[in-house]
Amino acid sequence: MSMLSLIDPEVAALLDKEAARQNSTLEMIASENFVPPVILEAQGSILTNKYAEGYPGNRYHGGCEFIDGIEALAIERAKSLFGADHANVQPHSGVNANLGVYQAVLQPHDTILSMDLRHGGHLSHGAKASITGRFFNIVHYGVHPETERIDYDQVEALALGHRPKLIVAGGSAYPRVIDFARFREIADKVGALFMVDMAHIAGLVAAKVHPSPVPYADFVTSTTTKTLRGARGGFILCRKEFAQKIDKAIFPGTQGGPILQNVMAKAVTFRIAGTEEFARMQAQVVKNASTLAETLSASGYRIVSGGTDNHLMLVDMRPRGMTGVFAEETLAKIGIMVNKNLIPFDTAPATVTSGIRIGAAAVTTRGLAAEDMKHVGSLMDKALTSASDERLLESLRNEVRQVCLRHPLYLHFGEGALI
Ligand SMILES: *Cc1c(COP(=O)(O)O)cnc(C)c1O
């Protein structure tokens, strides 16, 4: 019996149910992934007991000699993995990493030019509901109505018109390669700083299956979750000249003591992300996503922008007469988890949407290959096409269970395998 089930059977029972749910469903929410068991070990460690305000070699608490070693490893590994001058590994999350950059270089009411949430941006890039939208003057760019790719000419025109202090690239629902060089050119033209939030694509960048923003951006922010496959947390990379400002902006600017078990998990994540095996898996993620996009497209769904270059796609359900919320709910019935998502220029409300966002990272971690993605695509189409046929849905649910049984969670890391 686990300690948890002895001391708190109520939460233990819910944890068991969640484990069974994760095991028996196909996780295709684009921001999710399964961390290696070693990350669970790091996060459950005694590091949670320690306070360590400050940075290695310069702390506000005693007894940090070993903590310093761990954080220094995380910093060095982040720098070397991504080829950056400086890394701060303390942000508690992706949003905190972004707040850190804003705190470091902006004054209240300064102008930020960033991607519209409705076109694939992120809440923390200045959405009205976010604190970032309240404190700064936000101007949004979006995608071109025909190509559904970032409209770089619009970005340039808006930059010239509004003279932003900071330009932000990156988002949560953009399926295409981002032209970081073009963004840099635009930023230079108007004297703006340039930040890339690579939260979704960090694993692909580490594996070199997506171009790196590091040579072009003044700041690169990210989560360690999502494609990077680490524990929940964030980090910032920056040029040497901003190192001190960034460190001050995280502590004491926007956070207190670092979550040290997460800092340790980040160190391990960066180590794993530098391996050949990790790079192979990220290449498979991209292949799996494009295979699924082709499969769905052949069944009459419209893939926004015509396809995907990364781990995710946006599917326009309208050609099949469906909404995003209908698709999300129907696929959940057969154990395939996706989320409804606004597509560019969507006229449906955010609670309904015309699209869904699908990601291939978590199922690839689980061991699914391109052939499996064709199978998954056909299961999706069958469920969506005959959503009122309860018996069919039950048999599709069983097929999903079979796929899950063939790819048990974690076991494919293999006997003795470390990652
Ligand atoms: C997920 C995400 C974040 C937020 O990360 P949290 O760890 O949830 O705070 C920030 N930016 C982008 C682009 C993201 O996709």
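Start at 1 and go down the list; that is how both ligands and their atoms are numbered.
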Name the closest protein heavy atom to atom 6 (P) of ligand 1, giving the residue it belongs to and the distance to 0.1 Å. Gly94 N, 3.5 Å

Could you check whether atom 8 (O) of ligand 1 has a protein contact, counting only heavy atoms that fall below 4.0 angstrom? no

Element-labelled atoms of ligand 1 that are located less than 4.0 Å from some non-hydrogen atom of Gly171: 13 (C)

Below 4.5 Å, heavy atoms only, C-beta onward: do Leu113 and His162 meet side chain to side chain? no

Do any nitrogen or oxygen atoms of Gly170 come within less than 3.5 Å of a nitrogen or oxygen of ligand 1? no

Under 4.0 angstrom from ligand 1, any heavy atom of Lys226? yes

Could you grab the distance from atom CD1 of Ile356 to atom OH of Tyr301, nearest 0.5 Å is fine? 8.0 Å

Can you say whether the rings of His119 and Phe345 are parallel (under 30°), tilted (30 to 60°) or perpendicular (over 60°)? perpendicular

Taking atom types as modelled, find out whether Thr254 and Gln103 have a side-chain donor-acceptor pair closer than 3.5 angstrom. no

Output the list of atoms in ligand 1 that are nearer than 4.0 Å to some heavy atom of Ser93, sorted by atom number. 6 (P), 7 (O), 9 (O)

Are Thr353 and Asn341 close enough that a side-chain donor and a side-chain acceptor fall under 3.5 Å? no

Considering both backbone and side-chain atoms of Gly233, is one of its nitrogen or oxygen atoms within less than 3.5 Å of a nitrogen or oxygen in ligand 1? no

for atom 3 (C) of ligand 1, nearest protein heavy atom and its distance come out as His122 NE2, 3.2 Å

So the atoms of ligand 1 within less than 4.0 Å of a heavy atom of Val95 turn out to be 4 (C), 5 (O), 6 (P), 9 (O)

Would Glu148 and Arg302 count as a salt bridge (charged side-chain N to carboxylate O under 4.0 Å, His left out) if you check the C-alpha gap in whole Å, the side-chain angles of each, and the deciding distance to 0.1 Å? CA-CA 12 Å; Glu148 297 177 302; Arg302 194 183 75 84; 2.9 Å; yes

Counting from 1, what ligand 1 atoms have a heavy atom of His200 closer than 4.0 Å? 15 (O)

Numbered atoms of ligand 1 (with element) below 4.0 Å of Asp197, judged on heavy atoms: 10 (C), 11 (N), 12 (C), 13 (C)

Any idea which atoms of ligand 1 are less than 4.0 Å away from a heavy-atom of Thr223? 5 (O), 7 (O)

Is the cationic atom of Arg184 (NZ for Lys, CZ for Arg) positioned less than 6.0 Å from the six-membered ring centroid of Tyr216 and within 45 degrees of its normal? no

Is there a donor-acceptor contact under 3.5 Å linking the side chains of Arg401 and Ser24? no

Are any of the N/O atoms in Ser172 less than 3.5 Å from those in ligand 1? yes

For the pair Phe194 and Phe180, name the ring-plane relationship: parallel under 30°, tilted 30 to 60°, perpendicular over 60°. tilted

